[in-house]
Amino acid sequence: MNALRFVRLPEGVDLRLLLAAAAIASLGLVMVASSSADQAAQNLGDPLYYARRHLVYLAIAAAVAWLALQVPLATWRRAAPLFVAGTLAALLAVLLVGREVNGARRWLVLGPFNLQVAELAKVAVVVHLAAWLAAHPGLAARHWRSVVRPLAPVAAMGVLLLAQPDFGSTVVIAATAAGLLFLGGLPLRVFAGFLALGAAALAALAWSSPYRLERLVSFLDPWADQFDSGYQLVQSLIAFGRGGWLGVGLGNGVQKLFYLPEAHTDFVMAVVAEELGLLGVVAVVGLFGLLVGRVFAIAGRAVRRQDWFAAHLAHGVGILIAGQAFINLGVTAGLLPTKGLTLPLVSYGGSSLLATALLLALAARVGIEMDERHWAPGRSAGG
Amino acid sequence: MKDGGRPARNAVCPLWRRWLVVGALGGMAAAALVQVARLQVVGGHERDYRFLQRQGEARTVRHEEIPASRGVITDRRGEPLAVSTPVLSLVADPKYLWPAAAEFSRLAEELKMTPEALAQQLRDGDAEALIGRSRRWAERQTAALALPEEPRRRALGKLRGEARAVAAFAALARALGEPAAALAERLGRYRDKRFVYLARHLPPERAEAALAAEAPGVSALREFRRFYPAGEVAAQLVGYTDIDGRGQEGIERAFDASLAGSPGVKAVLKDRTGRTVRELALIRAERPGRDLALSIDLRLQYLAYRELKAAVARHRAAGGSVVVLDAHTGEVLAMVNQPSFNPNDRDHLRLAGLRNRALTDLVEPGSTVKPLTMAAALEAGVVTPSTQIDTNPGYLWVAGKTFRDHSNYGVLDLRGILQKSSQVGTTRIALEMEPERIRGLFARFGLGSPPGTGFPGESAGRLPDRRRWRTLEHVTLAFGYGIAASPLQLAQAYAVLANEGVRRPVSLLKREVAPAGKRVLDADVARTVRDLLCAVTEPGGTGTRAAIPGYRVAGKTGTSHKVGPNGYEAHRYVGLFAGMVPAEHPRLVTVVVIDDPRGKEYFGGAVAAPVFARVNAEALRLLGVPPGEGGRWVVAGAARAGGEGRS
């Protein structure tokens, strides 16, 4: 037991949250391996290329999460402006010196790693809005114009993300910001106004660039253009259809055999659906439900303690992860227009894993600090 | 929740807003799950899982043919005449192979090397060393090295893969024995197609060598190659298949459906690059083709072919046929033709060799129908074998045309008329009968109607049918001018005489039981005519060279003018001999036709009769037919038959 003390979990950490995350991540590793093996063997000469790297990313993400878990919430709150400024600078740097792949400039080269700054921006927005909402309680009473100030950096990030272009991350960030403002008590008519504004902006963006419009309408009837713009979605839908109740069996999927592009990243749920069936999809959705439920339960504790930074931090984490998971599944199942968004903890990709791990570490930290024991006598605050 | 009890303190984050957000997230999860369920398990709508699975199968499941082996054709004793051996055909998908070929050509140009030199270099050194020598590849490598890790690996892997593909293409060309430039050019022509044969019907070891090159998009198809062990000896009869195994000529064509069997079908799962991932199901098992035993005896066939070929060469003839029938069953024991061809190597095929002349080509039977005329006369009772016919002065004037004998034979009986092939005698007898008598007998003997072997191109012959016969037509019918028959038809007619007046349909297929025949001539008349015919091969006859020591041979010579575009040609002939042996109880009926002999000799008795003798002498020995009352002329039987015919 003494050896275990070294890696002992902090007291009060939410075990169910941790187990749900671990379960999703394990399933993700298996599915990344399954969906990428043939493709990797063909293109990279190593069937386990992606699986091995995914495992390394998981280890790094877990280590970073472990470190983040040690940082007191107060520190996060104090560092929020710095975090925002750093993220904005990084987003700007991406546009200037970032690496372009497939027509999108999204990656910053950091030694052996490529960081997708958009993922970092998601964490930054949550921390920033939580800090601002905590600093300005009773937002409801304020004039709507006072909301513009905290949203300015968020909007700036959105613009920089769109310039990459990264439409998906922008939508997730916007949705998270809207959710947080709503929970922060924004008057309904102001909120409705923002929603209308946001919708108008989205529409304008979609109309302004034809390829987005094409993507936007193709999901409604991918079969109309199944060999061109609807190709990917058609292959994804076929994967769902082939899966049935119990799936064709792990590893037996056909759609991943060069039919479905991005099978191991954005469309990993299609492979889950084909190989594990509706049962598998329900299991993944259930695990995400458990995960997000625990995050909201932790937020609830913070609300009762009236620690608004902690509460909104957890809220932000919950909304962001739930929103992104929903959009990802919605896209693969043809419910939403196609966007490049990963499924948190499941899809291949180091940056996404890292950001999700950070967000979950923040939520877990909230859980620790909101635990009765954390403030028990004889313990130092922030321990 | 406890929050509800403290509404005032919780104004910043009202409970209902939290529930609304949680509800919205739950609603989104539910909506997603409903959509997933609609895709996966809920049926009955337009785009349900059945539709999706069908769509998936349409893209991934392919039906592949399992080739069925073609039936073996044998002779009556089981000797193979046509067998199929498994071979491999190399096929390519130009979508994957063409880029390698194109890059090979481009590289040869860029490096200023001949395709042969480049192929040599790729064979000797490793493919990747070439990357350093080609500027375009070097540029691509530099560009790839600047990429981040994963795209870099991908780009470098692609580059190496292409280099390997180019080397594999060169190796493939070498294994196929085709210049790389020529192969590239050929692929270029099919670059928009998804299937092209690289080489067909390779022996397995050569196909394996080509496959070992691992050129992209190249695979092997299992096919069968037809081999004909008897070669030219039975070429027209057996026929051949085309390269896809479909019967084109002869028996191969006539019985194609039964020989071919039916290919099976299996469902296979393919990945997007066209590789078979796994076999899903056997949709239908292949049904191998049925074996076919022909009626011919390969020993007799060889024999007949050898003798015919020799005779055609000796007499510088344009062609010829020999048909040997089993007198009892109507089965064809041999059917050979000249010229012939080698069905195993049809590159230098001449059209003339293709026809199964014994079945398809018509000849005027000429004097060979005289015995039939005699049979008609005996049947009608207008003559007996001993009836004396005065052929003086050796010619006869009928309806403005003179018919001559070789010399003045004086007074002849029927035996003498056949022995000398007397035109005058035959004409006199014919004029004793109604022409319908003669024509009717010819028709009953099968002249003018198809033999019904099922062989493609089988001739029906020509037997004129007139309401009113002019005298000249009446007379010429009697000695076989103005009618036409295939050698097989003539053999069939002689088989009636051999078979005591019973006509059995001829057959190219082996028969277990002889079919019930139809009596078309009185048995005694048939015996009588047979006996009379023996005189032809006896000293003083026109067909002495058809005689076989130890056996009595009944037969008739024939020599007819060839029919050219302007009617009968003066100096071109067809020499015939039709006969049966042993005369007492015939076992074999043989017709020999020598077409257009250009040597000194052209009479049927000179060019065809010797073939008859050689073939039958050997055949009788092979079949173990004991010599009959050889040498003794059985006149008594003939006299008795003639007497009965009179009564």
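Since the model is a prediction, treat every value here as computed from it, not as a measurement. Naming convention: chains lettered A, B, ... in sequence-line order (proteins, then strands); numbering from 1 in each chain. Note that these values count all heavy atoms, side chains included, but never hydrogens, waters or copies made by symmetry.
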**Q** Out of curiosity, A/His315 NE2 to B/Arg17 CZ, how far, rounded to the nearest 0.5 Å?
**A**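 If we round to the nearest 0.5 Å, A/His315:NE2 and B/Arg17:CZ are 12.0 Å apart.
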**Q** Shortest non-hydrogen contact from B/Gly56 to A/Ile238?
**A** CA-CG2, 3.4 Å
**Q** Does B/Arg140, at its CZ atom, have more than 12 non-hydrogen atoms belonging to other residues, nucleotides or ligands within less than 6.0 Å?
**A**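 More than 12 within 6.0 Å, yes.
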**Q** Roughly how far, to the nearest 0.5 Å, is CG of A/Leu329 from CE of B/Met28?
**A**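 Rounded to the nearest 0.5 Å, the CE-CG separation comes out at 11.0 Å.
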**Q** Side-chain contact test, heavy atoms from C-beta onward, threshold under 4.5 Å: evaluate it for A/Asp46 versus B/Arg153 and give yes or no.
**A** yes
**Q** Nearest 0.5 angstrom please: B/Arg152 CZ to A/Leu44 CG, how far?
**A** 12.0 Å
**Q** Nearest 0.5 Å please: distance from the CG atom of B/Asp271 over to the CD atom of A/Gln39.
**A**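 Here the interatomic distance stands at 12.0 Å.
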**Q** Among A/Tyr50, A/Phe240, A/Trp223, single out the residue with the greatest number of heavy-atom pairs under 4.5 Å to chain B.
**A** A/Trp223
**Q** Answer with side chain, backbone, both or neither: which region of B/Arg47 has an atom nearer than 4.5 Å to a non-hydrogen atom of chain A?
**A** side chain
**Q** In Å and rounded to the nearest 0.5 Å, what is the CG to CG distance from B/Leu33 to A/Leu278?
**A**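 Interatomic distance, B/Leu33 CG to A/Leu278 CG, rounded to 0.5 Å: 7.5 Å.
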**Q** Under 3.5 Å, side chain of B/Arg18 to main-chain N/O of A/Phe296, donor-acceptor pair present?
**A**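 Yes, because the side chain of B/Arg18 sits within donor-acceptor range (under 3.5 Å) of the backbone of A/Phe296.
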**Q** Where on A/Val282 is there a heavy atom nearer than 4.5 Å to chain B: the side chain, the backbone, both, or neither?
**A** both
**Q** Among A/Gly243, A/Gly247, A/Gly277, A/Gly179, which residue forms the greatest number of heavy-atom pairs with chain B at distances under 4.5 Å?
**A** A/Gly277
**Q** Taking B/Gln40 for its side chain and A/Trp245 for its backbone only, find out whether a donor-acceptor pair lies under 3.5 Å.
**A** no
**Q** Of the backbone (N, CA, C, O) and the side chain (C-beta and beyond), which part of A/Leu188 lies under 4.5 Å from a heavy atom of chain B, both, or neither?
**A**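 Both parts, backbone and side chain.
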**Q** A/Val292, A/Val234, A/Leu336, A/Leu335: which one forms the most heavy-atom pairs within less than 4.5 Å of chain B?
**A**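 Winner by heavy-atom pair count: A/Leu335.
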**Q** Check whether A/Asp221 gets within reach of chain B through its side chain, its backbone, both or neither, counting any heavy atom under 4.5 Å.
**A** side chain
**Q** Against chain B, label A/Ala299 side chain, backbone, both or neither, depending on which of its atoms sit under 4.5 Å from a heavy atom there.
**A**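 Interface part for A/Ala299: both.
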**Q** Which atom pair, heavy atoms only, marks the closest approach of B/Val41 to A/Gly244?
**A**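 Taking B/Val41 first and A/Gly244 second, the nearest heavy atoms are CG1-C, 3.8 Å.
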**Q** What part of B/Ala58 is in contact with chain A, defined as an atom under 4.5 angstrom from a non-hydrogen atom: side chain, backbone, both or neither?
**A**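 Interface part for B/Ala58: neither.
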**Q** Taking atom CZ as the centre, does A/Arg301 end up with more than 12 heavy-atom neighbours from other residues, nucleotides or ligands that are less than 6.0 angstrom away?
**A** yes
**Q** Where on B/Leu20 is there a heavy atom nearer than 4.5 Å to chain A: the side chain, the backbone, both, or neither?
**A** side chain
**Q** Which pairs count as salt bridge (charged side-chain N to carboxylate O under 4.0 Å, His left out) when at least one residue sits in residues 211-222 of chain B, sequence neighbours excluded?
**A** none
**Q** Against chain B, work out which of A/Phe258, A/Tyr49, A/Phe288, A/Tyr259 has the most heavy-atom pairs shorter than 4.5 Å and name it.
**A** A/Tyr259
**Q** Which atoms of B/Gln55 come close to chain A, meaning under 4.5 Å heavy atom to heavy atom: side chain ones, backbone ones, both, or neither?
**A** both
**Q** Below 4.5 Å from any heavy atom of chain B, which atoms of A/Phe326 appear? Answer side chain, backbone, both or neither.
**A**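 For A/Phe326, side-chain heavy atoms alone lie under 4.5 Å from chain B.
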**Q** Where does A/Asp38 contact chain B at under 4.5 Å (heavy atoms): side chain, backbone, both or neither?
**A** neither
**Q** Quick one: side-chain contact (heavy atoms from CB on, under 4.5 Å) partners of A/Asn114, sequence neighbours excluded?
**A** A/Arg99, A/Trp107, A/Val109, B/Pro148
**Q** Which value, rounded to the nearest 0.5 Å, describes the distance between B/Lys158 atom NZ and A/Asn43 atom CG?
**A**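 These two atoms lie 9.5 Å from each other.
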**Q** Heavy-atom distance under 4.5 Å to chain A: side chain of B/Leu269, backbone, both or neither?
**A** side chain
